[in-house]
Undergrad: 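The structure under discussion is supplied below as structure tokens; questions concerning it will follow.
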Amino acid sequence: IAADKEKKAAARAVRAEDPFWATEFSWPVTGRISGVFGSQRILNGEPQNMHGGVDVAAPSGTPVKSPAPGVVRLAEPDMYFEGGLVFIDHGQKLESAFMHLSRIDVKPGDRIEKGQVLGAVGATGRATGPHLHWTLSLNNARVDPLLFLPPMPEPATPDTTPMQMGE
């Protein structure tokens, strides 16, 4: 745990000044929201810190995409709590952290574009099932990622319209 803290602190020691975030954010993954920012967490009957991000349930292996441009500052496959973890520096002290990833497709220093695949949903680290935990921090203070997002797109539904002759 101590070594993980050092890795995270070192990754946060460098910050981009460019405002990569100055664009509309998009959902890194879509699915059922299974955890919301600010909710009280209980572990073994004991109150814990508030939930500092948004959880989106999705099948393991679902691609996770960057919600906005930035620079990868950390890409670690096996952190104790977070499991597969990626930090994206969106500039001007705005940072995304993506946790519980089953696969990481980027490396520190990579310049990332909005929509670029970072890795895949998993259940690594301290997780009870496959989901993406996304934390957004501004100047090291957690903020609700939902404040930066448009409504989640509706899931695709199969077209059940009967086919016409000749189609």
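Here, residue 1 is the first one in the sequence, and each next residue gets the next number.
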Undergrad: Could you see if F87 belongs to whatever hydrophobic cluster contains L118? Use Ile, Leu, Val, Met, Phe, Trp, Tyr and a side-chain cutoff under 4.5 Å.
TA: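 In one cluster: no.
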Undergrad: Answer yes or no: are there more than 12 heavy-atom neighbours, outside K93 itself, under 6.0 Å from its atom NZ?
TA: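 No - once you tally the heavy atoms of other residues, nucleotides and ligands closer than 6.0 Å, there are 12 at most.
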Undergrad: Do I88 and V72 touch side chain to side chain, with heavy atoms closer than 4.5 Å?
TA: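 Side-chain contact under 4.5 Å: yes.
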Undergrad: Can you tell whether the side chains of K8 and E82 come within less than 4.0 Å, N to carboxylate O?
TA: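 Yes, K8 and E82 are salt-bridged.
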Undergrad: Any donor-acceptor pair under 3.5 Å linking the side chain of H100 with the backbone of P130?
TA: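 Answer holds: no.
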Undergrad: Checking D144 side chain against L146 main chain: does a donor-acceptor pair fall under 3.5 Å?
TA: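 Yes.
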Undergrad: Taking 4.0 angstrom as the limit, do E76 and K7 come out as a salt bridge?
TA: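 Looking at E76 and K7, the cut-off is met.
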Undergrad: Can you confirm whether L94 sits close enough to F148 that some side-chain heavy atom of one is under 4.5 Å from a side-chain heavy atom of the other?
TA: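 Yes - at least one pair of side-chain heavy atoms lies under 4.5 Å apart.
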Undergrad: Is H133 reaching over with its side chain to a backbone N or O of H131, donor-acceptor style, under 3.5 angstrom?
TA: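 Between the backbone of H131 and the side chain of H133 there is no qualifying donor-acceptor contact (under 3.5 Å).
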Undergrad: Whether the side chain of D89 engages the backbone of G91 through a donor-acceptor N/O pair (distance < 3.5 Å, no angle test) should be reported.
TA: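 Indeed, once roles are kept as given, a pair shorter than 3.5 Å links the two residues.
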Undergrad: Is there side-chain contact between L101 and V121, with heavy atoms separated by less than 4.5 Å?
TA: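 Heavy-atom side-chain distance check fails, nothing below 4.5 Å.
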Undergrad: Quick check: does any side chain N or O of T124 sit under 3.5 Å from a backbone N or O of S102, one acting as donor and the other as acceptor?
TA: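 Answer holds: no.
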Undergrad: Side chain of W134, backbone of V29: donor and acceptor closer than 3.5 Å?
TA: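 Judged by distance alone, no pair lies under 3.5 Å.
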Undergrad: Would one find more than 12 heavy atoms of other residues, nucleotides or ligands at under 6.0 Å from atom CG of D78?
TA: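 12 or below, so no.
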Undergrad: Taking side chain as C-beta onward, heavy atoms only, is I33 less than 4.5 Å from M152?
TA: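 Touching, per the 4.5 Å side-chain cut-off.
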Undergrad: Is the shortest heavy-atom distance from the side chain of F81 to the side chain of D4 under 4.5 Å?
TA: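 Contact flag for F81/D4 side chains = no.
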